[in-house]
Amino acid sequence: MSQQVTGQRMERKDEVVIGLEVHIQLNKLNTKLFCSCSTDYHEDEPNTHVCPVCLGMPGAMPVINEMAIKFAVKVALALNADVQPFTVFDRKNYFYPDLPKDFQISQYDRPLAWGGYVTIEAGQGEKKILLKRIHMEEDPGKLSYRGSITTARYSMIDYNRSGMPLLEIVTEPVMNSPKEARQFLNKLRIILEYLDVFDGSLEGAMRIDANISLKGGGRVEIKNISSFKGVEKALTYEITRQKNLKRRGKEVRRETRHFDEINNITVSLRGKEEEQDYRYFPEPDLVPVDATGIIEELRGTIPEMPEQKRIRLAEQYGIGENFAKVLVLDLKMADYFEEVAKSLAEDGINLNVAASWTVDVLRGELNYRSKDFRFAYSILEPAEMVKILKYLTDGKITEKSAVEIIRTILDKGGNVDMIIEEKGLFAIANSEIEKLCREAIEKNPKAVEDYIAGKEQALNFLVGQVMKATRGKADPAETARIINKILS
Amino acid sequence: MISVTEWRERLESERCSDMLSELLERIGESKLNAYVTLSEDAIKTAELYDREELKGKLAGIPVAVKDCITTRDLKTTCSSRILHNYIPPFDAHVVERLREEGAIIIGKTNMDEFAMGTTTETSYFGVVRNPHDLERVAGGSSGGSGAVIAGDEAVLSLGSDTGGSIRCPASFCGVVGLKGTYGLVSRYGLIPYANSLEQIGPMASNVHDLILLFEVVAGKDERDSTNAGRGFRFEKKEKRLRVGIIKEMTAKDDVMTKFNESVELIESLGHSAGEVSMKSFKYALAAYYVIAMSEASSNLARYDGVRYGHALDQLDSWTRYFSRVRAEGFGDEVKRRIMLGSYALSAGYFGKYYLKALKVRTLVKNDFQRAFKDYDVLISPTMPSTAFRIGELADPLTMYKMDVNTVPINLAGIPALSLPIGFANSLPVGLQVMGDYFSENLILNFALEIEENLDRGEAFKQI
């Protein structure tokens, strides 16, 4: 394979091979895949977002949600996949209580797209994670239990989720470590959020099946993992388990396992001989989808992806590569930075300041409060941030004050000027400080003498006098610089 | 049989609710077993007519609906134990249309369980008897919908036709039945047996009434993705046609005698007749059953006793629960078709059966397309024989073979109707008229002309 493989020597030794099947809810759509039920069910009572179609009532028929096809095509194009102009829905037949028709409408041999890739960082270089295929399917309902799954006498079924549009992205078996798997998933999530088709914060938004094999062993599939951390943990557990089997000379069976998220272990579900035959055949209630028009319409409208944005931000705003790298991890953060930077650029300010205050200070303060940039947009608009950074670079406020203003706004709201006035945060003008410095020099000839004689503490004493006179509003470093200038 | 014209004439001097009461009384005393459920709202609807609050093309006309077509708040069972208590939350598209046009939905007609059969003997609610001979079947699977017309228990009825299920009972009961071009009538609300083959269609005592009902139910419906997006309007047209007699579609001698008489009649009306051979038809029956059973095996999976229908009192593990529900809820023929269909779709057999059947389907379509280059319409006896005695066809394969003349039409998706052309040994004989896609106007004009020129006394003998 023509990938750059660096920094993976450790995993290579055991030849871990991982492939993922990622199920993504296109939860930014307004309606379900085959009916007009609302997708906005997460806050609502069970079985309130249902109709004859998503309940599989006899005689009800599915109708394809065209927006879902558009969302899916958008994702496939952004993932560099070969979108098929002619695509077919099939029935995947199996009995399960969460499946109202006891078959799932999915896609089999004519999926929405073939191929594609996602680039992740690997050591010093990059690695292309190749995709096998992308297809659409409907989500089943959800089982729930009163109390714990092991003690509950029966299962309850919530069909609100039934018929939610899912996109299944299947990778080639090209990842070599749990970390790579997690990186792939992170990157995928960022791309989906850039495309505005997916809200990863909603429950059940992304579910993953992971396939893993070690050299010489059977392929093990771990089903239905619901978090990125879970994927990494399940895979790490599997590697240990399989290595131990190998070490004891035992065979690693080809099987399907379940990830127990509470105990962080995997448990066997079924062996190869029990694998289901899904008896796929074309869904006779739907006609094949001609996506030609949609592909034409959407090609060229795919928004800038993280990769391109990173390069552009660094170039356009002259900011450090590391800043750009972090900024693109969150589209909202990148947007926030750009708004601030555009405004500051007019004043010829070095935009690394804007980048640093966005990535280091504001992101840190948001994280500390478990908030994101959506919250920042709502309470500390980029225009207000611009004001803070302008005052700062003009020397009108100190860094300490700038941080204090940000914290105050994030906690209590308010605007920058109001807070500066309330708290009296404007720094004293340099001319005023210079005046106070001259006064301090005049009043303390002994200290001046000591300083000239080489006593560094004497300077601190002089700075301290100015600080006292300004009640701490002078910048100590700046004050020292001015005193030095006068005495030189 | 009661024609729409006759019913309307009576409506001028009588109250609709009285007429309907009389009809319901008659049904109550009937031995036909044609209805599974009678609507309690029928009388109320008739009263609306009496108060002149019911308008539309079918205002005040009693229409019976096959029990695999969903009716809101009215039990819809598919003549299966598994749905014996099922009350749908929505109307099928065709039922909406009936209501919009003021029809009185009188009840739900008996049928083969899930439309799987040719005699209505597989119904959980018992066999439908043929009004012409109570010891004989009414045909199937829309046996009830055929019998209610022939037995004066409704003026019009709706059936569904997956492989002949309208045309067979039409032929056996001596009524008119039409399966339109695939997609012309919305399937929304038709509980599926084999989605890619079936259509809802009208049954009536005469071609005029058939046209009236077909005009009401055919039409655009966005809830059915396979819907053709257009309706049907009849236009009277006189045209000399080239009529093709399909060599491969034959029948027993007594039926052939009547069939040959109708060919003579057709020629005497100025049409030309010739013979056409359809090479693919020898595979059609097998292909039909593979496709129908495959789709059925998947369609019928949902009856697991969780959300509706037959259920168990005791809790059990999921697998044991749904297995028992299905073991109790389905009859033998349904189980047979689910098993055969599951087998045909299984890994390793899919190519051998399902894909091969699809290839035959294409060949059948091509054969029809070739024939329609030389002929405007094609004809055949609808059924290879007249109505059987109840219990006469005990062997499933012999039963399946009775569909040999009707299934190629469903494989191709073309329209076909069955028209009564007389009696053989006192049992009705049907003529099947087939046309190219969307040629309903042509075949209905043709059928109308034949009907008008038949010896009416013979063709429409009252029971």
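Here the structure is a predicted model, which is why all the values come from computation and not from measurement. Throughout, protein chains are lettered first and strands after them, A, B, ... in sequence-line order, and every chain is numbered starting at 1.
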- Query: Considering only heavy atoms, which portion of A/F95 lies under 4.5 Å from any heavy atom of chain B: side chain, backbone, both, or neither?
  - Reply: both
- Message: Please classify the contact of A/I157 with chain B as side chain, backbone, both or neither, using a heavy-atom distance under 4.5 Å.
- Response: side chain
Which distance, rounded to the nearest 0.5 Å, do you find between the [atom1] of [X] and the [atom2] of [Y]?
{"X": "A/R91", "Y": "B/N299", "atom1": "CZ", "atom2": "CG", "answer": "4.5 Å"}
{"X": "A/M61", "Y": "B/L190", "atom1": "CE", "atom2": "CG", "answer": "8.5 Å"}
{"X": "B/L345", "Y": "A/Y280", "atom1": "CG", "atom2": "OH", "answer": "13.0 Å"}
{"X": "B/F322", "Y": "A/D102", "atom1": "CZ", "atom2": "CG", "answer": "7.0 Å"}
{"X": "A/D277", "Y": "B/S342", "atom1": "CG", "atom2": "OG", "answer": "9.5 Å"}
{"X": "A/K101", "Y": "B/D304", "atom1": "NZ", "atom2": "CG", "answer": "12.5 Å"}

- Taking all non-hydrogen atoms of both residues into account, name the closest pair between B/F90 and A/P58 and its distance. CZ-O, 3.6 Å
- Specify the closest pair of heavy atoms between B/S225 and A/D285, including all atoms of both residues, with the distance to one decimal. CB-O, 3.5 Å
- Note on the structure: Checked A/P100, A/P52, A/P282 vs chain B; the most non-hydrogen pairs under 4.5 Å come from A/P100
- Message: Between A/Y96, A/Y154, A/Y278, who has the most heavy-atom pairs with chain B when the cutoff is under 4.5 Å?
- Response: A/Y96
Please classify the contact of [X] with chain A as side chain, backbone, both or neither, using a heavy-atom distance under 4.5 Å.
{"X": "B/Y188", "answer": "both"}
{"X": "B/T70", "answer": "side chain"}
{"X": "B/Y86", "answer": "side chain"}
{"X": "B/L315", "answer": "side chain"}
{"X": "B/P88", "answer": "neither"}
{"X": "B/A347", "answer": "both"}

Residues, nucleotides or ligands: over 12 heavy atoms within 6.0 Å of [X] [atom1]:
{"X": "B/E222", "atom1": "CD", "answer": "no"}
{"X": "A/E66", "atom1": "CD", "answer": "no"}
{"X": "B/K365", "atom1": "NZ", "answer": "yes"}
{"X": "B/K335", "atom1": "NZ", "answer": "yes"}

- So which of B/Y321, B/Y349, B/F350 has the biggest tally of heavy-atom pairs under 4.5 Å with chain A? B/F350
- Largest heavy-atom contact set with chain A, pairs under 4.5 Å, which of B/S196, B/G189, B/S297: B/G189
- Task: Go through the steps to decide whether A/R279 and B/S298 satisfy the test side-chain contact (heavy atoms from CB on, under 4.5 Å), and finish with yes or no.
- Result: CA-CA 9 Å; A/R279 291 176 282 117; B/S298 170; 5.8 Å; no
- When the ring planes of A/F281 and B/Y354 are compared, do they come out parallel, tilted or perpendicular, using 30° and 60° as the limits? perpendicular
